[in-house]
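So that the names make sense, note that chain A is the first sequence line, chain B the second, and so on, each numbered from 1.
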2 protein chains.
Amino acid sequence: MDQPSPPRPAVMIDVARLAGVSHQTVSRVLNGHPSVRSETRERVLTAVRQLNYRPNALARGLAGRRSRVLGVVSFDTILYGPAATLLGVERAARAAGYGVSIVTLEQLDHDGVGDALSALAEQSVAGVVIIAPFTNTAAALRSLPTGIPAVVVEAGTSGALPAISVDQVAGARLAVQHLLTLGHATVWHVRGPQNWREARDRESAWRSTLEEAGATVPPAIDGDWSARSGYEAGLRLAGDPRVTAVFCANDQQALGLLRAFHERGVRVPDDVSVVGFDDIPEAEFMSPPLTTIRQDFDEVGRRCLGMLLDLLDAPPDLLGEAYPRVAPALVARASTGPARS
Amino acid sequence: MDQPSPPRPAVMIDVARLAGVSHQTVSRVLNGHPSVRSETRERVLTAVRQLNYRPNALARGLAGRRSRVLGVVSFDTILYGPAATLLGVERAARAAGYGVSIVTLEQLDHDGVGDALSALAEQSVAGVVIIAPFTNTAAALRSLPTGIPAVVVEAGTSGALPAISVDQVAGARLAVQHLLTLGHATVWHVRGPQNWREARDRESAWRSTLEEAGATVPPAIDGDWSARSGYEAGLRLAGDPRVTAVFCANDQQALGLLRAFHERGVRVPDDVSVVGFDDIPEAEFMSPPLTTIRQDFDEVGRRCLGMLLDLLDAPPDLLGEAYPRVAPALVARASTGPARS
DNA sequence: AACGCGGCTGTGAACGCTAACAATCGTTCT
DNA sequence: AGAACGATTGTTAGCGTTCACAGCCGCGTT
């Protein structure tokens, strides 16, 4: 006689027996196969509920082709953008009935990405989302013949890979034009790390926007996304009377910059205007509240997943440029103002 | 005749054939079984390399008992602590040869946790780490007879569940005592959301530390971890001459508070000292740099994983309180100073 | 000289599910 | 009326591993 709550969780055959059908019929019901008499379907569903049956995803993946798990390759640092994107992807995946397995990389190099992908392939993920917007990611991926459908996030115009990204060029242009419109003769730039695609895109858009406006292009200051690097940049910029407007490649750097300016008695926005990038939740509460470029990471995650799902059943790679960039937006706050007269 | 790069990835039997052994011997080599002649082992490993064989985790999980995947239940907001902990767990898991599947919850309630756990159970994870330090998480978990080994992060002294946490009480005490030592008559508190275990722990430690010191205990101000809530608290506190020291339940709230004080002309630390909690990377670059309590989330993640792995082969729950709390540390910066004389 | 034992390897059967095909039945078409 | 058809269900065979149980070998024992 069976115990009411057996140690072993119910499997499909248990459900089948209880419902008086074959295990295949149970499978059909579970997978929404059309040709099952509705009375039978009900009987099966009742049995499922009664036994608290949950299909085993491992067996499912092994038997059929597709697993209902997606892989996400992210990396090892807590940066707002990637973290927010990951969340967006996960949420969208869950909504679509997929699980999410993550791998973070410490190495940004070829092997790192390769290993991550292998680890995911081992788990038979149906597809992967790669949130690793380094300039060399695309190259690394191209040389990996894993055959898993993949979507790259934020990789910009890298080429042959399906990618979703925020329009970095438009964002940087928004920032620079905002400052120029306020009457600043030129705009300085604290850029992000050079191995990041986005950093390069922002920098080059900054440069070309200035050039188009006929403004002189000051040298870019190096940064690495961290507040500390922004702080150091701020210390260098603080003494220079030519500096009236600074565009930071992200909000953390802007925070550090603000700190340095504050220390050195540079008033923002009276002496210098500052614009950031990302619109992290804290931006509104910096001193002063930071004007910045908002990126909708949630939307990125969502589109990214949509694209991956399309990729899963649409075999060809004809999807090329069908997916438009996500548009960034300027959020004007108190850190920017008219140029000193 | 086989193509050199077949569309179908190699499976164990392919390796076996190439090495001239049985599939079982291949399995033995892969799992480090002792009784394989070293010459045979070499032969198999060579074949593995040659075919670029990777064992199928799905089949492995199905056939054997254990899958090499752990689940992490997190939730839907980008908060520094949980994000950092997740990263720590993932890193530790990867080091131990485990994959990580994540599920985020939007609902904090019983069903939310239950669904998350079911989703993970479906994937046959070997164990789960739950990063959801709500006060009701413990209750929700106890009522779930899923039978999966689980470790809860940051759940404090909740009781019957294996848990790893930073010593919130010690942390809050550190903060309050730091301020009292500086000569402040009492310390105000902007607390976190009441459904968070940690928020309650910090609040009650704040209260008891004040009481022990014979200081009056002002009413706690509500917050929800966000900078905005800190800002609002700051606006309320700014007018009050009795307020000379504020302990914020996290750094974001402290940021908002600083912003509000700045707006209202309250000088920090001259008029009011402020202490935060977490030591987010930005804390050092706030205006002024924030004195705060550092939590080592990476260590939390690591211990958490260690505990889970112990739990996996050590069946009994005799591990109870064997795992000590992670000690927090005071990081003194410029936002605190002596009381006004 | 036969026995037994330990190191090494192979065989068959799960694991829980889906895919492909076969079987059954009541209809509908010619 | 006989056959073919569509809807519904069952049967059999894997998916790629590990597990349990044999085999085989050569050596030291009795």
From CG of A:L62 across to C1' of D:dC15 the rounded distance in Å is 5 Å
Salt bridge (Lys or Arg N to Asp or Glu O under 4.0 Å) filter on B:R302, not counting sequence neighbours, yields B:D298, B:E299
No-hydrogen, no-angle side-chain donor-acceptor test under 3.5 Å, B:R94 and A:T104
yes
When rounded to whole Å, the CG to C1' distance for the pair B:L58 and C:dT18 reads 13 Å
Taken to the nearest whole Å, CG/B:N56 to P/D:dG16 is 7 Å
Rounded to whole Å, CZ of A:R60 lies from P of C:dA19 at a distance of 10 Å
*Just by distance, do the side chain of A:T85 and the backbone of A:F297 share a donor-acceptor pair under 3.5 Å?*
no
Between B:V69 and B:Y98 the two heavy atoms that sit nearest each other are N-CD2, 3.8 Å
Atom CD of B:E122 and atom C1' of C:dC17 are separated, to the nearest Å, by 13 Å
Hits for side chain to side chain contact (heavy atoms under 4.5 Å, CB included) against B:D14, two or more places apart or cross-chain, chain-then-number order -> B:R8, B:A10, B:V11, B:R17, B:L51
Inset, instruction - Examine C:dT9: is either OP1 or OP2 under 4.0 Å from a nitrogen or oxygen in the side chain of B:T40? Give yes or no. - result: yes
Is A:R37 near enough to D:dT8 that one of its side-chain N or O atoms lies under 4.0 angstrom from OP1 or OP2?
no
What residues 11-33 of chain A contributes to the DNA chain C interface at heavy-atom separation below 4.0 Å is A:V11, A:M12, A:H23, A:Q24, A:S27, A:N31
note: B:E39, atom CD; C:dG7, atom C1'; distance rounded to Å ~ 15 Å
Taking for B:Y53 and for A:R41 the nucleotide of DNA chain D with the nearest heavy atom, the one nearer the 5' end belongs to A:R41
DNA chain C nearest-nucleotide lookup for B:G64 and B:V36: closer to the 5′ end is B:V36
Side chain to side chain donor-acceptor pair (under 3.5 Å) test vs B:E122 passes for just one of A:R60, A:R54, A:R68, namely A:R54
